[in-house]
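Notes follow the structure.
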2 protein chains.
Amino acid sequence: MKVVCLGAGNVATHLIKGLYDKSFDIIQVYSRTQESASALAKEVDAVPVTDLKDIIDDADLYIFALKDSVLEGVASQIPSNNGLWIHTAGSVPMDVFSNYTTHYGVLYPFQTFSKSRPIDWKAVPVFTEGSDTKSHITIRSIASQLSEKVFDLSSGNRQYLHLTGVFACNFTNHMYALSEQFLKKAGLTFDVVLPLIDETAAKVHTLSPEEAQTGPAVRFDERIINHHLHLIEDEDVKRLYKLISEDIHKSNK
Amino acid sequence: MKVVCLGAGNVATHLIKGLYDKSFDIIQVYSRTQESASALAKEVDAVPVTDLKDIIDDADLYIFALKDSVLEGVASQIPSNNGLWIHTAGSVPMDVFSNYTTHYGVLYPFQTFSKSRPIDWKAVPVFTEGSDTKSHITIRSIASQLSEKVFDLSSGNRQYLHLTGVFACNFTNHMYALSEQFLKKAGLTFDVVLPLIDETAAKVHTLSPEEAQTGPAVRFDERIINHHLHLIEDEDVKRLYKLISEDIHKSNK
């Protein structure tokens, strides 16, 4: 399969390298900056492109791994062709492509990607959708070459999955960031909290989050809750502590 | 060392079993209920006790692994003796014992314990404090038989560590609980989010939480944020989403 990649960010990098490893033929990598386009293109023996006018029209697969805000803008500049167009975004409906081409769909990998960390693609759940049966079958087959966990998911349901990701990844990571601030107050470094972070994640492999919950909020131990509120200086973090504690208590009643 | 354990909950169970494995001589296990006292006592060849009047007065070590709210009440019912009294609570100052005996301190294991999950004691950071040098040396030595990560920490700093634990464990776990609700909306089961949860935890072993942050909040992508707020039905969860997103944006500016 001849592949054009639009985008050279974290998702594009991991996805295109994953496909390259599975012998996909990566022809072009587009990015606004020469530096990003070249960095990724070099790794997958492709040609770097910074002008959308240079995108070839006879590829089999066009992967739009771009920021949500620019996705449609880029799609609108690529002339309709016979290739399959897919995007990788959690919150963008498949139909973003409907005005611009005929065969399209979505391949949404539900994982957090950093350029500095390797990804075990086999374990990444990948959610697919297609504009027509043939397109969907092709997208499923591409996904299955990367991952052992491929699911069909509509655009409507994918938006809830994306919301899930914000809580399970971004918001969880912010709890870690706040932890780091309190450790500093105690004169301690972040590594002392890593065993607790790891065990908290490991627990929900065998218990539901509700069963796994412990601590002052679930017991609604007002003495400790008030003491903690007294320790927190930042008014927003205080509000956040209160709101999460109340919600934990409410959920476990 | 002859040990009396007051309490038979999660922390008591793991701590006493850990000490038993290191050849400590567990004499008595106290709990209000016969069932809990017996269950733990049986595992460590100790005598179950449900009446505080039956607690022996010549043990070397009295471990108070009790709920914060009952800790002082139980301590006040044990006659002063020559043994070393320690508690395991994050939020209770060491001086809770000062009116009741002479040698005392704290051994605070910074981990979340469930009876159903084994604990790798070697990797659990343990924070110690003692009322006098000899007591502190003894507590440090006990902790070192369990863990490779033993630290001194004052009561004042320990309260910030406990607050850290609430964010890194209880609040993180609540983010998992909310994730589960949104997955249900998407018709998906909790296991599809486990790779994301694991990678989010793994990332902060090599990146700081601030460096690891991604997603709509750090970019302050108002289109997605507003779309997510629109998807969330529960008003409290909506407020929580907004507050955490704002705090992420503020922290990463």
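Residue numbers start from 1 in every chain, and the chains themselves are labelled A, B, ... in the order their sequence lines are given, proteins ahead of strands.
From B/Leu183, atom CG reaches atom CZ of A/Phe167 across 11.5 Å, with rounding to the nearest 0.5 Å.
Counting heavy-atom pairs under 4.5 Å between each of B/Ile197, B/Leu194, B/Asp236 and chain A puts B/Leu194 at the top. Contacts with chain A were tallied for B/Lys250, B/Lys185, B/Lys67, B/Arg239; B/Lys185 has the most, counting heavy-atom pairs under 4.5 Å. Across A/Ser116, A/Ala202, A/Gly156, A/Gly90, the residue that shares the most heavy-atom pairs under 4.5 angstrom with chain B is A/Ala202. Between chain B and the options A/Glu210, A/Glu180, A/Arg158, A/Glu246, heavy-atom pairs under 4.5 Å are most frequent for A/Glu180.
Residue B/Tyr160 comes nearest to A/Phe182 through the heavy atom pair CB-O, 3.7 Å, listed as atom of the first residue, atom of the second, then distance. A/Cys169 and B/Thr214 get closest at one heavy-atom pair: SG-OG1, 4.4 Å. When every heavy atom of A/Ser114 is checked against every heavy atom of B/Lys203, the shortest pair comes out as OG-CE, 2.6 Å. Across all non-hydrogen atoms, the minimal contact from A/Val192 to B/Pro125 is O-CG, 3.4 Å. For the pair A/His228 and B/Gln159, the tightest heavy-atom approach, listed with the atom from each and the gap, is NE2-O, 4.3 Å.
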Requested in this report: Dump the intermediate steps for side chain to side chain contact (heavy atoms under 4.5 Å, CB included) on B/Leu188 and A/Leu153, then the final yes or no.
Outcome: CA-CA 9 Å; B/Leu188 296 166; A/Leu153 197 72; 4.1 Å; yes
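Of the two parts of B/Phe110, the backbone and the side chain both hold a non-hydrogen atom closer than 4.5 Å to a non-hydrogen atom of chain A. Contacts between B/Asp234 and chain A at a heavy-atom distance below 4.5 Å involve the side chain alone, from C-beta outward. Looking at B/Leu163, the atoms closer than 4.5 Å to chain A (heavy atoms on both sides) sit in the backbone and in the side chain alike. Both the backbone and the side chain of A/Ile244 have a heavy atom closer than 4.5 Å to some heavy atom of chain B. Using a 4.5 Å cut-off between heavy atoms, A/Ala123 touches chain B through its backbone atoms (N, CA, C, O) alone. If you measure heavy-atom distances from A/Glu211 to chain B, you find no contacts under 4.5 Å at all. Contacts of B/Val166 with chain A are made by side-chain atoms alone, with heavy-atom separations under 4.5 Å and no backbone atom involved. In this structure, no portion of B/Ser154 lies under 4.5 Å from any heavy atom of chain A. With a 4.5 Å cut-off on non-hydrogen atoms, A/Thr206 touches chain B through its side chain but not through its backbone. Heavy-atom distances place the side chain of B/Lys149, and not its backbone, under 4.5 Å from chain A. Interface remark: B/Arg223 contributes side-chain atoms only to the contact with chain A (heavy atom separation under 4.5 Å). With a 4.5 angstrom heavy-atom cutoff, A/Lys184 does not touch chain B via any of its atoms. Residue contact with chain A, scored on non-hydrogen atoms closer than 4.5 Å, involves the backbone of B/Phe113 exclusively.
Residues A/Glu199 and B/Val124 fail the side-chain proximity criterion, which asks for heavy atoms closer than 4.5 Å.
Residue A/Arg32 places its CZ atom among 12 or fewer non-hydrogen atoms of other residues, nucleotides or ligands, all under 6.0 Å distant. Remark: B/Lys22 NZ is loosely packed, at most 12 non-hydrogen atoms of other residues, nucleotides or ligands lying under 6.0 Å away. No more than 12 heavy-atom neighbours from other residues, nucleotides or ligands sit within 6.0 angstrom of NZ on A/Lys242.
Under 4.0 Å is where a charged nitrogen must lie from a carboxylate oxygen, and between B/Arg219 and A/Asp68 no such pair does.
Within residues 170-178 of chain A, the residues having any heavy atom less than 4.5 Å from a heavy atom of chain B are, in residue-number order, A/Asn170, A/Phe171, A/Thr172, A/Asn173, A/His174, A/Met175, A/Tyr176, A/Ala177, A/Leu178.
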